[in-house]
Amino acid sequence: MKTDPERFILENTSVLSPPHVPEIRLHLASEVHDLWLKTEEDLEEIGLPPPFWAFAWAGGQGLARYVLDHPETVEGKRVLDFASGSGLVAIAAAKAGAAEVLAADIDPWARSAVRLNAALNCVDLAFTDDDLIGRSVDFDVVLAGDVFYDSDFARALVEWFVNLAESGCLVLVGDPGRSYRPTAHLEPLATYEVRVTRALEDSEVKKTTVWKFRQ
């Protein structure tokens, strides 16, 4: 059985504000939703990839907070939110005055989540599900929250991000100490204590740093 993404999102989430970014509202799953209880087999049966878009991850919350607190980072600029998920960081960039924001995520369900969440926050976002890793992209700023969770994926991202930085693009990542965060090429900009849920993380508060990629 396949499920309509928009209908599923509306029926299995609530409109909530992430703890560290109360200015933004998102369709999120909480412990009261059946989405928390579904196994991989349940998700596969309804044609749903792992629903990363249904949660406000610590790295994304930290990065969105930084963008809102430092609007000059994106104001008047073309911004790419890579691995956008719910669209949290993309929405923050739009609210902070970005001239253009593209949310990118290879999960086709993220398209519906981003569209619904953008509408909640009265911002306009473009979306692509193209795999952009390794490509040259025409943006002034690239934002990425919570992306260093897999070894091979992180290795590919580091090479791409360094190349983008060398081309003059500002690359910022939000990371709460994931296992595969690189130790080189990073300059810390801000650190936050982000409240999360123990159902997703190993603690209720994650120390999250926003990093700038250097050449």
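None of these values were measured; they are calculated from a predicted model.
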May I ask you to decide if the ring planes of W109 and F8 are parallel, tilted or perpendicular, using 30° and 60° as cut-offs?
-> perpendicular

Please name the pair of heavy atoms, one in R178 and one in W57, separated by the smallest distance, quoted to 0.1 Å.
-> NH2-CE3, 4.0 Å

To the nearest 0.5 Å, tell me how far I91 CD1 sits from D124 CG.
-> 11.5 Å

Scanning both residues in full, the closest heavy-atom pair of A96 with P71 reads O-CB, 3.6 Å

Keeping the roles fixed (side chain from S17, backbone from I24), state whether a donor-acceptor pair exists under 3.5 Å.
-> yes

Who are the salt bridge (charged side-chain N to carboxylate O under 4.0 Å, His left out) partners of D107, not counting sequence neighbours?
-> none

Joint hydrophobic cluster, V171 plus F82, side-chain heavy atoms closer than 4.5 Å = yes

Which heavy atom of L63 sits nearest a heavy atom of G174, and at what distance?
-> CD2-N, 4.0 Å

Please check if V114 and L102 belong to a single hydrophobic cluster, counting links between Ile, Leu, Val, Met, Phe, Trp and Tyr side chain heavy atoms closer than 4.5 Å.
-> no

Please tell me if the side chains of V194 and P176 come closer than 4.5 Å, counting only heavy atoms from C-beta onward.
-> no

Exam field: side chain D129 to backbone I106, donor-acceptor pair closer than 3.5 Å | no

Atom pair OG (S86) and CZ (F52), whose distance is rounded to the nearest 0.5 Å = 13.0 Å

Would you say the side-chain atoms of D146 pair up with the backbone N or O of G59, donor to acceptor, closer than 3.5 Å?
-> yes

Please answer whether the main-chain N or O of I133 pairs with a side-chain N or O of D131 as donor and acceptor at a distance below 3.5 Å.
-> yes

Judged by atom type as modelled, is there a donor-acceptor pair below 3.5 Å linking the side chain of S14 to the main-chain atoms of L16?
-> no

Who passes side-chain contact (heavy atoms from CB on, under 4.5 Å) against E75, sequence neighbours left out?
-> none

For residues 158-168, which side-chain donor-acceptor pairs fall under 3.5 Å, sequence neighbours excluded?
unit_1 : atom_1 : unit_2 : atom_2 : d
W160   : NE1    : R135   : O      : 2.7
N163   : ND2    : E159   : O      : 3.2
S167   : OG     : L164   : O      : 2.6

Does the side chain of L80 come within less than 4.5 Å of L143's, by heavy atoms?
-> no

side-chain contact (heavy atoms from CB on, under 4.5 Å) partners of T191, counting only residues at least two apart = K207, T209

Under 3.5 Å, side chain of R65 to main-chain N/O of V21, donor-acceptor pair present?
-> no

When you check the gap from the basic side-chain N to the acidic O, do R155 and D152 get nearer than 4.0 Å?
-> yes

Is it true that W211 and V89 fall in one hydrophobic cluster, defined by side-chain heavy atoms closer than 4.5 Å?
-> no

Indicate yes or no for a side-chain donor-acceptor contact from N117 to the backbone of H27 under 3.5 Å, with no hydrogens or angles considered.
-> yes

Just how far is it from atom CD of E23 to atom NZ of K95, taken to the nearest 0.5 Å?
-> 8.0 Å

Kindly work out whether a path of hydrophobic side-chain contacts (I/L/V/M/F/W/Y, heavy atoms less than 4.5 Å apart) joins V147 to V79.
-> no

Side-chain contact, heavy-atom cut-off 4.5 Å: T73 with L170?
-> yes

Rounded to the nearest 0.5 Å, what's the gap from CZ on F153 to CZ on F148? Could you check?
-> 9.0 Å

Is it possible for you to say whether L172 and V137 belong to one hydrophobic cluster, with membership spreading through side-chain heavy-atom contacts below 4.5 Å?
-> no

Does the E187 side chain pair with the main chain of K212, one donor and one acceptor, at a distance under 3.5 Å?
-> no

Search all heavy atoms of C169 against all heavy atoms of V142 and return the closest pair with its distance.
-> SG-CG2, 3.5 Å

Side chain to side chain donor-acceptor pair (under 3.5 Å) filter on E6, not counting sequence neighbours, yields R115

Of the non-hydrogen atoms in A64 and L88, which two are nearest, and what is the gap between them?
-> CB-CG, 3.9 Å

Enter the distance from R25:CZ to L120:CG here, rounded to the nearest 0.5 Å.
-> 5.0 Å

Can you sort out the partners of N121 under side chain to side chain donor-acceptor pair (under 3.5 Å), two or more places apart, ordered by chain and number?
-> none

To the nearest 0.5 Å, atom CG of L157 lies from atom CZ of F213 at 8.0 Å

Polar side-chain atom of D130 near backbone of L132 as donor-acceptor pair, under 3.5 Å | no

Heavy-atom closest contact (D105 atom, F127 atom, distance) = O-CZ, 3.5 Å

